[in-house]
> 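My questions will all concern the structure given below.
Since the model is a prediction, treat every value here as computed from it, not as a measurement. All residue numbers in this chain count up from 1 along the given sequence.
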Amino acid sequence: MSGAALGIEIVVVFFLALFLLHRYGDFKKQQRMVLFGTLLAWYLCFLIVFILPLDVSTTIYNYRWTPGGSSPPPGCQSFNAPCYRPWSYIPDGIMPVFWRVVYWTSQCLTWLLLPFMQSYARSGGFSITGKIKTALIENAIYYGTYLLIFGSLLIYVAVHPGWRLSWYELQTIGITAANTWGLFLLVLLLGYGLVEIPRSYWNASRHGHLLIKTYFKASKLMTEKADAEENLEDVMEEVRKVSESIKYNHPLRKYIDTILRKCPLDYQEKMGRNMDDYEDFDDKQNTYPSEKSLVKLHKQVIYAVQRHNRTRVQWQILLQQAIHLEDVAKNETSSTHQFVRSFPSSEPVGWISRYVYTPTVEWYWECLLKRWFYRLLSVVLTLFSVAVVWSECTFFSTRPVLSLFAVFIQLAERDYNYLYIEMACFITIFFLCTCVYSTVFRIRVFNYYYLASHHQTDAYSLQFSGMLFCRLTPPLCLNFLGLIHMDSAISHQQKEQTAYTSIMGSMHVLPFIANGFYIYYPMLIVILCIATYFSLGTRCLNLLGFQQFMGDSEMTSDLIDEGKELIRREKRKRQRIEEGENRRREWKERYGNPREEYAARNRSSHEMKETSYSDSVNSKAKYSRSGSRAERDCIELLQDAEPLDFNADALTDDPLDADSGRPSGGRYLSMSSSRSRIFDDV
């Protein structure tokens with residue numbers, strides 16, 4: 001079984017990264033280069049998280065055995081069960097090569113390739129050469145900043161007395177600079193996630209609070225959706241003007257066609273109908289846009305269309321969530337203990353909903369068990385957060401050992417319980433990654449970087465997330481090894497290093513970072529957790545004019561009322577659509593499709609009239625045709641007549657409509673006596 005666990009996890013992690021990329025990206029529309037770069041970045045970061053526990057258990061096992069490898073570990077009398085080799089043991093020589101390939105590939109992605117690919121994908125150029133040129137210009141300052149930081153550290157080491165620069169030390173300086181930048185951002189994101197994730201699950205157990213917050217989100221999202229639609233219309237108007245000015249025989253027309261292919265289909269049809277294929281251009285009379293302005297317009301079209309599609313899909317998802325929460329609030333007082341939906345799904349019921357997740361089971365889960373499950377999960381996550389904060393503040397203390405995670409690992413190490421070591425390491429790293437990565441997935445920098453599910457994330461945001469993952473994962477794993485005292489640069493213990501730590505190099509090359517920044521900066525997490533608990537960041541954003549969910553704010557109350565009215569309006573629209581479809585279905589079931597029968601009658605009667613009166617009515621043929629056409633038009637109008645839609649406001653809860661004297665429900669015109677006699681006459 002040597003190396004089997006490593007192979008299994010490599011395959012499982014690949015499918016996990018592929019699943020997440022499918023959820024947030026769009027395999028059909030986005031460029032293959034963007035998808036491949038993002039998939040590779042996510043895959044390498046997830047590999048580090050999943051493989052590191054195997055590296056820890058293998059290191060502990062190798063440290064316990066003598067160098068000869070033939071005698072049992074110290075404290076073991078024989079090769080009994082507690083001293084056996086773990087099934088996930090990785091042979092010597094594999095892990096250093098593996099970590100070297102994974103780490104340097106991820107660093108090349110995050111510092112070189114992904115920034116270039118990000119600018120390339122965002123560029124509005126019409127050729128590969130133009131996009132590459134734009135990407136190089138945009139990243140010139142970006143790469144220059146990195147060279148300045150690396151040069152400063154290099155000068156510091158060069159002027160230090162007694163230090164001789166070698167390739168190993170230069171490599172360590174580069175790794176230290178990258179990890180320092182990652183640790184600086186890691187603590188900020190971790191301080192937010194350690195508080196916000198347990199609190200989010202606790203709030204999810206409060207259906208009333210969650211429904212009110214959904215109304216607030218609906219109001220803000222509708223504003224963003226309206227802004228996106230207005231921006232799209234402005235961009236499409238500019239595209240229309242440019243398209244009308246540049247005709248088909250103009251040299252720049254091929255660029256216009258490229259821009260039109262990125263526009264929505266309805267706008268393409270409108271612009272196509274207004275074009276005249278036979279109209280030539282005249283350089284003396286008209287002024288035409290330059291290629292540079294078309295590149296800028298192309299970039300605006302890509303962003304406007306992506307933003308419009310994203311807000312439209314997000315609105316449908318949020319609307320479904322609000323309707324579901326309202327259904328939960330209504331069903332909580334149900335005496336039948338069966339969950340009833342306002343809008344049942346039109347899809348056929350599967351065997352899971354029929355036999356397993358029945359309406360009764362759904363009621364007990366949604367109205368009773370789910371809230372208690374979320375509360376219990378919130379308490380467990382809170383305990384984890386407290387343990388992480390305590391360990392971050394005390395992991396530098398080795399005598400006595402104050403870090404809780406180091407205590408747990410050392411207890412398992414004494415009993416040679418390698419499975420417990422791997423599970424404890426994996427759960428801890430997974431929790432830390434959840435706090436950090438979830439914050440990355442939630443972050444919104446002025447709607448420019450935004451990860452949206454249901455295939456609505458643009459290429460720029462996907463690559464931005466890949467860059468952040470590659471920069472945050474190595475320092476996060478180093479921080480975890482410091483928490484369990486497996487990093488000698490921090491714990492100052494003479495223990496065998498993990499293969500991952502050996503790749504990172506010795507931090508003693510830069511002592512002010514190893515003995516200062518890496519030890520004391522993580523303590524800042526306490527202040528960040530306190531600030532997040534009291535929502536200081538939210539309050540500051542609210543004061544600056546960014547509307548945030550504040551329970552004691554008048555603006556929040558107004559937005560909640562507005563969102564509630566928006567959801568009510570959308571529900572009325574859905575009810576009208578469903579009731580209209582039901583009426584049409586009943587109409588077809590009762591009267592069938594009389595259009596074909598009436599058409600056949602008209603054709604036979606018209607043929608009989610033509611054969612009988614063809615010789616006598618030649619002078620009045622024009623009027624007879626017009627009269628027959630008028631009769632056919634009347635008949636077709638009667639054939640196409642459908643039940644008129646009733647006023648759906650009569651079904652609303654508004655008490656003003658109850659006194660208007662209108663009937664409470666719609667009535668089919670076909671069921672009235674006058675209309676039935678009209679059809680009989682026809």
Side-chain angles (χ1 to χ4, degrees), residues 49 52-53 55-57 59-60 63-64 74-75 179-180 182-184 186-195 197-198 379-418 420-436 474-498 500-501 504 506-508 511-533:
V49 172
L52 189 61
D55 191 9
V56 172
S57 63
T59 302
I60 292 176
Y63 177 72
R64 288 296 182 180
N179 290 336
T180 302
L183 183 63
F184 176 80
L186 174 68
V187 172
L188 298 179
L189 298 177
L190 190 61
Y192 175 83
L194 288 174
V195 176
I197 289 181
V379 172
V380 173
L381 293 177
T382 302
L383 295 177
F384 261 99
S385 298
V386 173
V388 169
V389 173
W390 171 262
S391 300
E392 290 286 357
C393 296
T394 59
F395 70 93
F396 58 88
S397 176
T398 57
R399 294 182 182 179
V401 178
L402 299 179
S403 175
L404 298 179
F405 299 105
V407 172
F408 297 152
I409 296 299
Q410 290 179 7
L411 290 176
E413 183 180 352
R414 295 172 185 173
D415 298 333
Y416 305 99
N417 193 342
Y418 299 107
Y420 174 81
I421 292 174
E422 293 173 2
M423 293 302 299
C425 291
F426 176 75
I427 293 175
T428 305
I429 298 177
F430 183 77
F431 177 71
L432 294 176
C433 291
T434 302
C435 295
V436 175
L476 185 145
C477 293
L478 276 180
N479 181 257
F480 165 74
L481 293 176
L483 293 180
I484 62 175
H485 292 176
M486 295 290 290
D487 188 359
S488 60
I490 297 176
S491 61
H492 302 287
Q493 293 179 344
Q494 297 299 325
K495 297 179 64 175
E496 183 176 351
Q497 297 294 310
T498 61
Y500 184 81
T501 309
M504 295 293 103
S506 177
M507 297 300 171
H508 296 293
F512 73 95
I513 293 180
N515 300 327
F517 184 79
Y518 276 15
I519 292 178
Y520 297 105
Y521 179 71
M523 296 182 183
L524 185 64
I525 200 172
V526 179
I527 301 176
L528 295 173
C529 289
I530 295 175
T532 305
Y533 179 79

> Please lay out, stage by stage, how Ile409 and His485 fare under the test side chain to side chain contact (heavy atoms under 4.5 Å, CB included).
CA-CA 9 Å; Ile409 296 299; His485 292 176; over 6 Å; no
> Taking all non-hydrogen atoms of both residues, which atom of Ser385 and which atom of Leu194 are closest, and how far apart?
OG-O, 2.7 Å
> Atom OG1 of Thr428 and atom CE of Met423: how far apart are they, to the nearest 0.5 Å?
10.5 Å
> Do you know the tightest heavy-atom contact between Leu404 and Ser391?
N-OG, 3.3 Å
> Given Asp55, which of Leu481, Thr498, Ile60 fulfils the side-chain contact (heavy atoms from CB on, under 4.5 Å) condition?
Thr498
> Check whether any side-chain heavy atom of Asp415 sits under 4.5 Å from a side-chain heavy atom of Leu411, and report yes or no.
no
> Which pair of non-hydrogen atoms, one from Met486 and one from Thr501, has the smallest distance, and what is that distance?
O-OG1, 4.0 Å
> Using the six-membered ring wherever Trp is involved, compare the ring planes of Phe408 and Phe405 and label them parallel, tilted or perpendicular (cut-offs 30° and 60°).
perpendicular
> For the atom pair CG (Leu190) and CG (Leu183), what is the distance rounded to the nearest 0.5 Å?
10.0 Å
> Do you know the tightest heavy-atom contact between Val187 and Tyr521?
CG2-CE2, 3.4 Å
> Going by atom types alone, do Ser397 and Thr394 pair a side-chain donor with an acceptor below 3.5 Å?
no
> Can you tell if the side chain of Cys425 reaches within under 4.5 Å of the side chain of Phe480, non-hydrogen atoms only?
yes
> If you round to the nearest 0.5 Å, how far is CG of Leu402 from CZ of Phe396?
8.0 Å
> Taking Leu483's backbone N and O only, do any of them form a donor-acceptor pair with Ser403's side chain (distance below 3.5 Å, no angle check)?
yes
> To the nearest 0.5 Å, tell me how far Thr532 OG1 sits from Ile527 CD1.
11.5 Å
> To check you understand the geometry: which heavy-atom pair defines the closest contact between Val49 and Cys433, and what is its length?
CG2-SG, 3.4 Å
> A side-chain contact here means heavy atoms from C-beta on lying under 4.5 Å apart; do Pro53 and Ile429 qualify?
yes
> Do you know which two heavy atoms are closest between Tyr500 and Pro474, and how far apart they sit?
OH-CA, 3.0 Å
> So how far is it from Glu422 CD to Ile427 CD1, rounded to the nearest 0.5 Å?
12.0 Å
